[in-house]
Amino acid sequence: MDKPTFDELRNLSENHPEEFERLRAELIEDCIRSSSKFSQNRLRGLQFVIDSRRLLASNPTKALLEIQGMMHEALQRLDRALHSQAETPPAQEARILGGQQRWPRQHDREKPH
């Protein structure tokens with residue numbers, strides 16, 4: 001689907017709000033469907049939270065501030081995770097000491113002819 005320009009979206013929002021909401025939902029769903037299967041459920045969950053915040057907000061500005069706050073919190077969590085990971089020393093390699101090998105080696109699994 002071709003993405004409308006900002007002016008087209010503004011016009012649609014001001015003059016045909018129901019059509020704007022339908023198009024908004026369709027564009028969001030297209031974006032989610034184009035993501036990896038791994039990400040789709042998470043993105044749908046995030047969109048549910050965003051839509052819920054929009055519905056519960058008393059006005060569009062309040063909704064914007066709520067969603068902006070969510071984004072800011074997510075960036076802060078990411079920043080903390082990146083910094084804590086950078087401060088963690090690299091894991092040491094593990095060595096197996098003694099004992100028997102617990103799985104058959106490739107040549108042990110081959111059946112005689």
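- For Asp7, the salt bridge (Lys or Arg N to Asp or Glu O under 4.0 Å) partners are Arg10, not counting sequence neighbours.
- Not counting sequence neighbours, the partners of Arg33 by the side chain to side chain donor-acceptor pair (under 3.5 Å) test are Asp30.
- Atoms CZ and OG, from Arg44 and Ser39 in turn, are 11.0 Å apart once rounded to the nearest 0.5 Å.
- For the atom pair CG of Asp51 and CD of Glu21, the computed distance is 8.5 Å after rounding to the nearest 0.5 Å.
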Test salt bridge (charged side-chain N to carboxylate O under 4.0 Å, His left out) on Glu66 and Lys62; report intermediate values, then the result. CA-CA 6 Å; Glu66 287 278 332; Lys62 177 74 171 160; 3.6 Å; yes
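- Between the CG atom of Asp2 and the CD atom of Glu8 there is a distance of 9.5 Å, given to the nearest 0.5 Å.
- Follow the hydrophobic side-chain contacts under 4.5 Å out from Leu43 and you never reach Phe38; the two are in separate clusters.
- Nearest heavy-atom pair across Ala63 and Ala57 is N-CB, 3.4 Å.
- For the atom pair CG of Asp79 and NE2 of His72, the computed distance is 9.5 Å after rounding to the nearest 0.5 Å.
- Interatomic distance, CD of Gln47 versus OG of Ser52, reported as 9.5 Å (0.5 Å rounding).
- When all heavy atoms of Phe20 and Leu9 are compared, the pair lying nearest together is CD1-O, 3.7 Å.
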Criterion salt bridge (charged side-chain N to carboxylate O under 4.0 Å, His left out) on Arg24 and Glu29, from CA distance to verdict: CA-CA 9 Å; Arg24 183 186 70 80; Glu29 184 58 28; over 6 Å; no
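- Summarising the geometry of Ala81 relative to Ser84, their closest heavy-atom pair is O-OG, 3.1 Å, with the distance given to 0.1 Å.
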Give the C-alpha distance, both sets of side-chain angles, the deciding distance and a yes or no for side chain to side chain contact (heavy atoms under 4.5 Å, CB included) between His16 and Asn11. CA-CA 8 Å; His16 306 283; Asn11 181 43; 5.7 Å; no
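- Note that CD1 of Ile50 and CG of Leu46 are 4.0 Å apart. Values are rounded to the nearest 0.5 Å.
- Here the side chains of Arg77 and Arg80 are in contact, with some heavy-atom distance below 4.5 Å.
- Heavy-atom minimum distance, Leu12 versus Glu19: CD1-CG, 3.7 Å.
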